[in-house]
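Input: a single structure, listed below in structure tokens.
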Amino acid sequence: MIDAGYVRTMARYNSWQNSQLIPVLSEMSVDVLEQDRGAFFGSILGTANHLLWGDTMWMSRFDPSVEKPKADISGSTQIHPTIGSWAAERFRMDGKIRYWADSLRALDMTNELSFYSSVLGRDVKAPLAPSIMHFFNHQTHHRGQIHAMLTAVGEKAPVSDLFVMPEDA
């Protein structure tokens, strides 16, 4: 299905995408970042927060050194009230994701994951490989929403094509 090389590539892609978003979002006014735009998680900042919350939740399942978020999904849009605190934690989490991805071995990909899903309200057992695929798909989905909102407010959304990702990203 997937291998450790795929995971490393997607971890680099995630980091590259976020490193392009941070300066764009940092230059925007609080009013623009917080305005409800009709997206599932409301605003640009709300969606960015939810994405970081989701990454933290999944990483707490993949890597026991990552602490589970204190907020549940209903509070996921408000974990960082400013773009500055969000950007600092985003940078830290992206480093954690890359470190974890770099440590994966082929054998790890055959493992099963056990966790409690608050969305489903029950314990879940799932194969690790599709869970990792979901993790990266979730990132891409919500970053796509952020890109659409950026375009709608007249900002230039960063390039997102995987095939143009620099080798040193």
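In this text the structure is predicted, and so the values were computed from the model without any measurement.
Proximity of Leu25 to Trp86: side-chain heavy atoms (C-beta onward) are separated by under 4.5 Å at one or more points. The side-chain heavy atoms of Gln17 and His147, taken from C-beta on, include a pair separated by under 4.5 Å. Looking at heavy atoms from C-beta onward, Phe135 lies out of side-chain contact with Arg61 at the 4.5 angstrom threshold. For the pair Met28 and Val153, the minimum side-chain heavy-atom distance is below 4.5 Å. When side chains are defined from C-beta on, Leu128 does not count as touching Glu112, because their heavy atoms never get closer than 4.5 Å. Residues Ser131 and Trp58 meet the side-chain proximity criterion, which asks for heavy atoms closer than 4.5 Å.
Among Asp55, Leu51, Asn18, the one residue that satisfies the side-chain contact (heavy atoms from CB on, under 4.5 Å) test with Met93 is Asp55.
When every heavy atom of Pro158 is checked against every heavy atom of Val24, the shortest pair comes out as CG-CG2, 4.4 Å. Closest heavy-atom contact between Val7 and Ala101: CG1-CB, 3.7 Å. When every heavy atom of Ser103 is checked against every heavy atom of Asp108, the shortest pair comes out as O-OD2, 4.0 Å. Counting all heavy atoms, side chain and backbone alike, Glu67 lies closest to Thr56 at O-CG2, 3.6 Å. For the pair His142 and Thr47, the tightest heavy-atom approach, listed with the atom from each and the gap, is O-CG2, 3.8 Å. In terms of heavy atoms, Asp102 sits closest to Arg8 at OD1-CD, 3.3 Å.
Among residues two or more places apart in sequence or in another chain, the side-chain contact (heavy atoms from CB on, under 4.5 Å) test is passed with Gln78 by none. Arg92 meets the side-chain contact (heavy atoms from CB on, under 4.5 Å) test with Glu89; sequence neighbours excluded.
A donor-acceptor contact closer than 3.5 angstrom is absent between the side chains of Arg98 and Asn14. Side-chain contact of Asp72 with Ser74: a donor-acceptor pair under 3.5 Å is present, judged by distance alone. A donor-acceptor pair shorter than 3.5 Å can be found between the side chains of Arg37 and Gln35. Neither side chain, His141 nor His134, offers a donor N or O lying under 3.5 Å from an acceptor on the other. Looking at Ser65 and Lys96, their side chains do bring a donor and an acceptor atom within 3.5 Å of each other.
The main-chain N or O of Pro23 is never found under 3.5 Å from a side-chain atom of Ser26 such that the two would form a donor-acceptor pair. One N or O on the side chain of Trp53 and one on the backbone of Ala71 form a donor-acceptor pair closer than 3.5 Å. When atom types are taken as modelled, the side chain of Asp63 and the backbone of Ser60 share no donor-acceptor pair closer than 3.5 angstrom. With hydrogens and angles disregarded, a donor-acceptor distance shorter than 3.5 Å links the side chain of Asp3 to the backbone of Tyr6. Not a single donor-acceptor pair under 3.5 Å links the side chain of Ser15 to the backbone N or O of Arg12. The backbone N or O of Phe136 lies less than 3.5 Å from a partner atom in the side chain of Thr140, making a donor-acceptor pair. Using modelled atom types, one side-chain atom of Asp36 and one backbone atom of Gly38 make a donor-acceptor pair closer than 3.5 Å.
Asp94 CG to Ser19 OG: the interatomic distance, rounded to the nearest 0.5 Å, is 8.0 Å. For the atom pair CE of Met165 and OG of Ser160, the computed distance is 12.0 Å after rounding to the nearest 0.5 Å. Atom CD1 of Ile83 is separated from atom OG of Ser29 by 11.0 Å, given to the nearest 0.5 angstrom.
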> Would Ile132 and Met109 count as a side chain to side chain contact (heavy atoms under 4.5 Å, CB included) if you check the C-alpha gap in whole Å, the side-chain angles of each, and the deciding distance to 0.1 Å?
Replying inline: CA-CA 9 Å; Ile132 292 171; Met109 302 303 290; 3.9 Å; yes
> Yes or no on side chain to side chain contact (heavy atoms under 4.5 Å, CB included) for Val30 and Leu33, after CA distance, side-chain angles and deciding distance?
Replying inline: CA-CA 5 Å; Val30 172; Leu33 287 169; 5.5 Å; no
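Grouped with Phe40 in one hydrophobic cluster are Phe41, the linkage being side-chain heavy-atom contacts under 4.5 Å among Ile, Leu, Val, Met, Phe, Trp and Tyr residues.
Ring geometry, Phe62 versus Trp100: the interplanar angle falls under 30°, so the pair is classed parallel (tilted spans 30 to 60°).
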